[in-house]
Amino acid sequence: MFSGKTEELIRRLKRAKFARQRVEIFKPAIDIRYSEDSVVSHDSNSISSTPIESSASILLLSTDIDVVGIDEAQFFDKGLVDVCKQLADSGIRVIIAGLDMDYKGVPFGPMPDLCAIADEVSKVHAICVRCGQLAYISHRIVDNDKRVLLGEKDEYEPLCRECYAIALQESLE
Ligand SMILES: Nc1ncnc2c1ncn2[C@@H]1O[C@H](COP(=O)(O)OP(=O)(O)O)[C@@H](O)[C@H]1O
Ligand SMILES: Cc1cn([C@H]2C[C@H](O)[C@@H](COP(=O)(O)O)O2)c(=O)[nH]c1=O
Ligand SMILES: [Zn+2]
């Protein structure tokens, strides 16, 4: 988290709109952290989007479209992989932002499969809040072991491997 995924997604989608391409943007309906119907970055950049419950809705809503953007892809069902494949096969540019791993370091939802079938993958990193190196994981700092827990700085901190190992050790003491 805080690595710039959403900002990069918004940047690419705005450029597609400048090029007068027909763009549709989707987000999971559960992601109401900053807005119900916009994709919003931690720096408050935003772009309007359609909240959906299931990946199947993307195909239904993507007729006469050049570019499809999807944020928070980790929250979608595994059907998203085939949906994106079908879109790409039909000539639509698909741009996806999502969290690679959950707070335990386990690959999140459809993300590993999406990375596997993507033509191009850009991995971006936040800055470790403890030491300033590149972060690799979102450390959960509240006591909740559900996989899905919406949040930001009160719930998560980006940490590098070294600082994450220390944080885990501290939590055992
Ligand atoms: N520790 C951090 N490392 C990097 N950026 C951070 C950090 N904390 C806050 N930010 C802010 O978060 C912004 C990225 O937000 P966003 O694109 O929403 O990230 P993501 O979608 O990956 O969570 C950065 O431009 C920066 O201003
Ligand atoms: C690590 C982790 C994160 N989440 C949630 C927390 C946020 O609401 C989103 C990630 O958003 P961002 O754009 O990357 O900041 O995911 C979660 O539910 N479970 C986790 O393990
Ligand atoms: Zn660190």
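Note that ligands are numbered from 1 as they come in the structure, with each ligand's atoms numbered from 1 the same way. Quantities reported herein were computed from a predicted structural model and do not represent experimental measurements.
For ligand 1, the atoms sitting less than 4.0 Å from at least one non-hydrogen atom of Lys153 are 8 (N), 9 (C), numbered in the order shown with element in parentheses. Near Leu150, with a cut-off below 4.0 Å to any heavy atom, the atoms of ligand 2 are 8 (O). Shown in contact with Ser3 at under 4.0 Å from a heavy atom are these atoms of ligand 1, numbered in order with element: 19 (O), 20 (P), 22 (O). Here is the list of ligand 2 atoms found below 4.0 Å of a heavy atom in Ser138: 1 (C). Close approach to Val129 involves these atoms of ligand 1, each under 4.0 Å from a residue heavy atom: 1 (N). Proximity to Glu72 (heavy-atom distance under 4.0 Å) selects the following atoms of ligand 2: 9 (C), 10 (C), 11 (O), 12 (P), 13 (O). When each atom of ligand 2 is checked for a heavy atom of Arg140 under 4.0 Å away, the hits are 19 (N), 20 (C), 21 (O). Of all the atoms in ligand 2, the ones that sit under 4.0 Å from a non-hydrogen atom of Leu99 are 1 (C), 2 (C), 3 (C), 10 (C), 14 (O). If you number the atoms of ligand 2 from 1 as listed, the ones under 4.0 Å from a heavy atom of Asp102 come out as 1 (C), 21 (O). Atoms of ligand 1 lying under 4.0 Å from any heavy atom of Ala126, numbered from 1 in the order shown and given with element: 3 (N), 4 (C). The atoms of ligand 2 that sit less than 4.0 Å from any heavy atom of Gly151 are 6 (C), 7 (C), 8 (O).
Listed here is the closest heavy atom pair of Tyr164 and Leu159: CA-CD1, 3.8 Å. Pairing each heavy atom of Arg147 with each of Pro107, the nearest pair is NH2-O, 2.6 Å. What you find for Ala126 and Met1 is that their closest heavy atoms are CB-O, 3.2 Å.
Hydrophobic clustering (ILVMFWY, side-chain heavy atoms < 4.5 Å, transitive): Leu149 and Ile141 are in distinct clusters. Connection of Ile52 to Leu114 is established within a shared hydrophobic cluster, with ILVMFWY side chains joined at heavy-atom distances below 4.5 Å, either directly or through further cluster members. A chain of hydrophobic side-chain contacts below 4.5 Å, direct or via other Ile, Leu, Val, Met, Phe, Trp or Tyr residues, connects Val68 to Leu59.
Side-chain contact check for Asp71 versus Ile25: every heavy-atom pair is 4.5 Å or farther apart. In this structure the side chain of Asp37 never reaches within 4.5 angstrom of the side chain of Thr50, judged on heavy atoms.
Here the CZ atom belonging to Phe2 is positioned 4.5 Å from the NE2 atom belonging to His42, to the nearest 0.5 angstrom. Taken from CD in Gln133 to SG in Cys128, the straight-line distance is 7.0 Å, to the nearest 0.5 Å. Annotation: the span from Leu80 atom CG to Ile58 atom CD1 amounts to 5.0 Å, rounded to 0.5 Å. Between the CG atom in Asp102 and the CZ atom in Phe108 there is a gap of 5.5 Å [rounded to 0.5 Å].
Rounding to the nearest 10°, we obtain 110° for the angle at the Zn ion (ligand 3) between Cys131 SG and Cys163 SG.
Looking at Ser41 against ligand 1, both its backbone and its side chain come within 4.0 Å, counting heavy atoms. Contacts between His42 and ligand 2, counted as non-hydrogen atom pairs separated by less than 4.0 Å, involve the side chain only. At a heavy-atom cutoff of 4.0 Å, ligand 1 is contacted by no atom of Glu8, backbone or side chain. Using a 4.0 Å cut-off between heavy atoms, Arg147 contacts ligand 2 through its backbone alone, with no side-chain atom that close.
In this structure, the protein non-hydrogen atom closest to atom 21 (O) of ligand 1 is Thr6 OG1, 2.8 Å. From the protein, the heavy atom lying nearest to atom 19 (O) of ligand 1 is Gly4 N, 3.1 Å. Scanning the protein heavy atoms around atom 13 (C) of ligand 1, the nearest turns out to be Glu7 OE2, 3.8 Å. Protein heavy atom closest to atom 12 (O) of ligand 1, with residue, atom name and distance, is His42 CB, 3.8 Å. What sits closest to atom 5 (C) of ligand 2 on the protein, heavy atoms only, is Leu149 O, 3.5 Å. Distance from atom 16 (O) of ligand 2 to its nearest protein heavy atom, with residue and atom name: Phe75 CZ, 3.3 Å. Ranking the protein heavy atoms by distance from atom 1 (N) of ligand 1 puts Ile127 O, 3.0 Å first. For atom 24 (C) of ligand 1, the nearest non-hydrogen atom of the protein is Asp43 OD2, 3.9 Å. The nearest protein atom to atom 14 (O) of ligand 2, hydrogens excluded, is given as Lys5 NZ, 2.7 Å; this is a heavy-atom distance. Among protein heavy atoms, the minimum distance from atom 10 (N) of ligand 1 is reached at Phe2 CB, 4.1 Å.
Considering backbone and side-chain N/O of Met1, none are found under 3.5 Å from N/O of ligand 1. Between Pro158 and ligand 1, no N or O atom pair is found at a separation short of 3.5 Å.
Annotation: cation-pi geometry not satisfied between Arg140 and Tyr156 (NZ/CZ under 6.0 angstrom from ring centroid, within 45° of ring axis). Annotation: cation-pi geometry not satisfied between Lys27 and Phe76 (NZ/CZ under 6.0 angstrom from ring centroid, within 45° of ring axis).
Using a 4.0 angstrom heavy-atom cutoff, Glu157 does not count as in contact with ligand 1. Within the structure, ligand 2 lacks Glu152 among the residues with a heavy atom less than 4.0 angstrom away. Residue-ligand proximity: Gln74 is placed with a non-hydrogen atom under 4.0 Å from ligand 2.
With respect to the salt-bridge test (charged N to carboxylate O, under 4.0 angstrom), the residues Asp66 and Arg93 do not qualify. Ion pairing between Arg12 and Glu8 holds under the 4.0 Å rule for side-chain N and carboxylate O. A salt bridge links Arg33 with Glu72; the closest basic N to acidic carboxylate O contact falls under 4.0 Å. Here Arg130 pairs with Glu170 in a salt bridge; the nearest charged N to carboxylate O distance falls below 4.0 Å.
The nearest non-hydrogen atom to atom 4 (N) of ligand 2, considering only Tyr156, Tyr103, Phe2, comes from Tyr156.
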